[in-house]
Amino acid sequence: MNPKKLYLYNTLSRKKELFEPLNPPYVGMYVCGPTVYSDAHLGHARPAVTFDLLYRYLAHLGYKVRYVRNITDVGHLESDSDEGEDKIAKKARLEKLEPMEIVQNYTRHYHQDMDALNILSPNIEPFASGHIIEQIEMAKEILDNDYAYEVNGSIYFDVLKYNEKHHYGKLSGRVIEDMVSSTRELEGQDEKKNNVDFALWKKASPQHIMRWASPWGEGFPGWHLECSAMSRKYLGEQFDIHGGGMDLLFPHHECEIAQSVAANEKEAVKYWLHNNMITINGQKMGKSLDNFITLKQFFSGEHEALKKPYKPMTLRFFMLQAHYRSTLDFSNEALMAAEKGLERLLEAKNKLKNIKPSNKSSLDVNKLKKKCYEALNDDMNTPVAISHLFDAARNINSAFDNKSTLDAQQIKDLNQLYDTFFTDIFGIKVPIIQSEPDETLLNGLIETLLEIRNNARKQKKFETSDFIRDKLNELNIEIKDTKNETAWNIKKS
RNA sequence: GGUUUCGUGGCCGAGUGGUUAGGCAGGGGUCUGCAAAACCUCUUACAGCGGUUCGAAUCCGCUCGAAACCUCCA
């Protein structure tokens, strides 16, 4: 491996590969986004942070990235059986709302959470329901190429037929014979020739509300098809990076490969990247396990598993302290450790401007910078890069304590190191002073000052007590001494 | 049952053949009126057993344990 070049772990080859875009300097990147039927949880933050990091890093390296992240608002069924209800439609039925209301509401929430985490918006954020025509078109092509069949107004992908010429299972490492023989029998799958087949288009039952006209009657698209159709539309038949959570590896991404090959007769994706799962007490966070924490709960602290609220940047930093391909276990202890670590880095950066430059110093900032790049080039090894930032912080603290020295150039370089990695690439947003005054804090401060003042008055140290009163007056804070207490108010002028 | 991944010090988490990961917590010290912060320092781990090797946390085998996917999930 050349440490000066970016290597990414490609799930397809199970190896770290040198990243070489198909058409430099352009890079096409597609990431599976959320199905917007409920609030985003911690699990949604992982791919968002992971691929935001990649997006930022690629841009930093000078690539012109087109980042597409979809919103799934149709076709994602509760189960794979024919009676499986659409997730959006189900939520709409339960809450007595239009499906579009569900979609818009949770899309808005998703964007709010992503903004809080300082996740950059993708360049294109297509909705599945806005690309029905493209999906029908793709299903037709697959049908024309004889890799699909129609049954009662539904179109199914013929996996066994596809596997005669191509390799179904190349991404997930699954063996098709095993799948055919071992996959559990599901009820209501009578239409499929084989249980491994999957739907490209499904006929809508009379009560199904989300429905579109197609050459095969009214229906709706299968879940896997949207990603193939929309990535092709915006990134072309072949593009560089496809990302998503590891749980989508099979069947979702395996199906995407099959669909693209069946329609275009070539593979669409050069690098498949997958982030690992988030666990809570060693177990995956999942809807069915009922152990998930939404991002809103996480930020407000309103969840029984949380001892306190956590800031969005704590979450972001916590995730970056683990490699994206490792599982990451949540606990209050681990989060508080991350919170403290982040504070340490932030404080060191703040101290930087208070250090008087010296004439000599031995710190090699360029070496640190180089090590940070090497870490990121090695499949985005953020924990290692962060450890080098902690090195920088220790040197800054030491210079601040006058235990070592930094020269003017090094201070400049350290500032730049922080700006480049901490701010630009890791996307840590340094908190700016709160715009709204904190009432509890303000009250507490003034009460404390008045206590000092009253103690001074009791001891007849009037120069101290008058000093406090005059200074507060200058700030438009009026003090009224009465027999028993001292009242205060902010003058409205 | 099948496929895959993993098991690192009190906790989180890098490392994948030989030199300190890092953070948090804890002990000791410096500093300090006290405290906090900071700095220095200590606790030196790699599931178990066996093998390969001059040398293994790192490669191989077995055992034990955990998780993910195969069914909705980021």
Side-chain angles (χ1 to χ4, degrees), chain A residues 11 14 31-35 37-38 40-51 69 72 76-81 84-87 90 110 169 172-175 177-187 189 195-196 223 243-252 254 274-279 281-289 292 317-345 347-348 351 371 375 378 381-391 393-404:
Chain A
T11 310
R14 316 240 162 207
V31 174
C32 289
T35 302
Y37 68 106
S38 63
H41 56 74
L42 288 172
H44 291 96
R46 190 103 197 254
V49 169
T50 300
F51 294 104
R69 188 185 64 205
T72 297
H76 204 160
L77 304 185
E78 283 286 316
S79 81
D80 205 22
S81 71
E85 192 171 4
D86 185 285
K87 283 170 181 285
K90 182 183 178 187
Y110 181 71
S172 57
R174 270 159 225 271
V175 182
E177 290 78 13
D178 295 346
M179 288 192 280
V180 173
S181 61
S182 73
T183 304
R184 239 184 300 171
E185 280 298 321
L186 289 169
E187 287 178 24
Q189 291 199 341
N195 52 11
V196 287
W223 173 39
M246 247 177 211
D247 52 344
L248 297 178
L249 225 155
F250 189 89
H252 188 53
E254 197 71 65
H274 292 93
N275 63 274
N276 213 320
M277 302 290 101
I278 273 171
T279 58
N281 298 322
Q283 205 177 31
K284 195 181 88 161
M285 197 175 287
K287 292 270 156 59
S288 53
L289 298 163
F292 63 93
F317 186 71
F318 179 63
M319 288 188 169
L320 292 173
Q321 266 195 306
H323 189 258
Y324 75 94
R325 282 191 289 113
S326 301
T327 54
L328 179 60
D329 196 48
F330 266 69
S331 66
N332 284 285
E333 210 180 354
L335 283 162
M336 286 191 246
E339 192 171 49
K340 287 216 168 187
L342 177 59
E343 266 171 37
R344 185 179 160 84
L345 287 177
E347 278 174 24
K351 282 180 187 170
K371 281 179 170 177
D378 184 11
N381 197 331
T382 49
V384 167
I386 286 172
S387 78
H388 298 313
L389 291 186
F390 276 111
D391 254 8
R394 190 161 31 76
N395 280 292
I396 293 167
N397 283 330
S398 167
F400 184 78
D401 278 6
N402 294 317
K403 284 175 178 148
S404 64

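The figures here come from the full heavy-atom set of this structure, side chains too, leaving out hydrogens, waters and symmetry mates. Chain A is the first sequence line, chain B the second, and so forth, proteins listed ahead of strands; every chain is numbered from 1.
- Across the strands present, B/rU58 finds no partner; the criterion is a Watson-Crick or G-U wobble pair with both atom distances under 3.5 angstrom.
- For the pair A/Ala334 and A/Asp329, the tightest heavy-atom approach, listed with the atom from each and the gap, is CB-O, 4.5 Å.
- For A/Ala322, whose side chain is taken as the heavy atoms from C-beta onward, the closest listed nucleotide among B/rC11, B/rA14, B/rA74 is B/rA14.
- Separating the C1' atom of B/rC69 from that of B/rG22 is a span of 32 Å, rounded to the nearest Å.
- With both ends at atom P, the span from B/rG7 to B/rA57 equals 14 Å, rounded to whole Å.
- If you take atom C1' in B/rU20 and the same atom in B/rU8, they sit 16 Å apart, rounded to whole Å.
- Counting any heavy atom pair closer than 4.0 Å across all strands shown, A/Ile278 reaches a base atom.
- Cation-pi check for A/Arg344 over A/Phe390 is not met; the charged atom does not lie both under 6.0 angstrom from the ring centroid and within 45 degrees of its normal.
- Listed nucleotides: B/rA74, B/rA38, B/rC70. Nearest to the side chain of A/Lys403: B/rA38.
- With rounding to the nearest 0.5 Å, the separation of CZ in A/Phe330 from CG in A/Leu42 is 4.5 Å.
- If you take CD1 on A/Ile386 and CD on A/Gln321, they are separated by 5.5 Å, rounding to the nearest 0.5 Å.
- Pairing of B/rG26, defined by two Watson-Crick or G-U wobble distances under 3.5 Å, is identified with B/rC42.
- Checking B/rA74, B/rG10, B/rC70 against the side-chain heavy atoms of A/Glu333 singles out B/rG10 as nearest.
- Base pairing of B/rG7: its partner is B/rC64, meeting the Watson-Crick or G-U wobble criterion (both donor-acceptor distances under 3.5 Å).
- Of the listed nucleotides (B/rA14, B/rA74, B/rA37), B/rA74 has the atom at the smallest distance from the side chain of A/His44.
- When Watson-Crick and G-U wobble pairs are counted only if both distances are under 3.5 Å, B/rC69 pairs with B/rG2.
- The separation of B/rG27 from B/rU63, taken at their P atoms, amounts to 44 Å, rounded to a whole angstrom.
- Distance A/Phe317 CZ to B/rC24 C1': 11 Å, rounded to the nearest Å.
- Mapping A/Asp401 and A/Gly244 onto RNA chain B by nearest heavy atom places A/Asp401 closer to the 5' end of the strand.
- When each of A/Thr327 and A/Pro383 is assigned the nucleotide of RNA chain B with its nearest heavy atom, A/Thr327 is the one assigned upstream, toward the 5' end.
- Distance check on atom C1': B/rC11 versus B/rG1 gives 36 Å, rounded to whole Å.
- The separation between A/Arg394 atom CZ and B/rU41 atom P is 8 Å, rounded to whole Å.
- Of all nucleotides present, none satisfies the Watson-Crick or G-U wobble test against B/rC31 with each distance under 3.5 Å.
- Proximity note for A/Phe250 (side chain, C-beta onward) versus B/rC70, B/rC11, B/rC24: the nearest is B/rC70.
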